[in-house]
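Start at 1 with the first residue, then count along the sequence. Any value given below was found using the heavy atoms of this structure, including those in side chains, with hydrogens, waters and symmetry copies removed.
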Amino acid sequence: MLRSRLISVPKTIKRNISTNVPALQKAVDPIQQLFVDKLRQYKSKSVDGKLVDPSPNIIRERDSELEKLNTQYGGGPGVDMTQFPQFKFVDPPVDTGIKPVDMGKK
């Protein structure tokens with residue numbers, strides 16, 4: 001439907017619209033800019049990816065959630081959860097159920 005409307009529009013107007021599209025994409029929403037500024041501010045405050053100004057309640061809650069995850073997924077002291085797990089596959093013994101036939105005896 002939009003295409004049928006654009007067909008009736010002269011080519012000069014189509015060209016003007018298409019050249020203005022990049023200019024419109026560069027326009028930044030003020031709320032979006034505030035959000036980006038706040039992210040940059042938190043990044044500058046954060047040291048080594050830690051929380052910014054955490055309260056004792058937030059630290060306790062974070063530690064309890066990490067403990068739940070460790071229990072659920074097999075983590076714990078001395079276990080590196082960032083390392084890809086090592087899998088060991090052992091082939092089970094195969095029993096075909098066929099007994100060997102002795103061709104020499106009659």
Practice item. Taking S44 for its side chain and Q41 for its backbone only, find out whether a donor-acceptor pair lies under 3.5 Å. Key: yes
Open item on the list: Are there over 12 heavy-atom neighbours, none belonging to L39, within less than 6.0 Å of that residue's CG?
Closed with: yes
Problem set entry | Side chains of E65 and L69 in contact at under 4.5 Å (non-hydrogen atoms) | no
List the atom pairs, donor and acceptor, that lie under 3.5 Å between side-chain atoms in residues 47-62 and the rest of the protein, sequence neighbours left out.
{"residue": "S55", "atom": "OG", "partner": "I58", "partner atom": "N", "Å": "3.4"}
{"residue": "N57", "atom": "OD1", "partner": "R60", "partner atom": "NH2", "Å": "2.2"}

Please set out all donor-acceptor pairs under 3.5 angstrom arising from side-chain atoms of residues 74-90, sequence neighbours excluded.
{"residue": "D80", "atom": "OD1", "partner": "T82", "partner atom": "N", "Å": "3.2"}
{"residue": "D80", "atom": "OD1", "partner": "T82", "partner atom": "OG1", "Å": "2.6"}
{"residue": "D80", "atom": "OD2", "partner": "T82", "partner atom": "OG1", "Å": "3.4"}

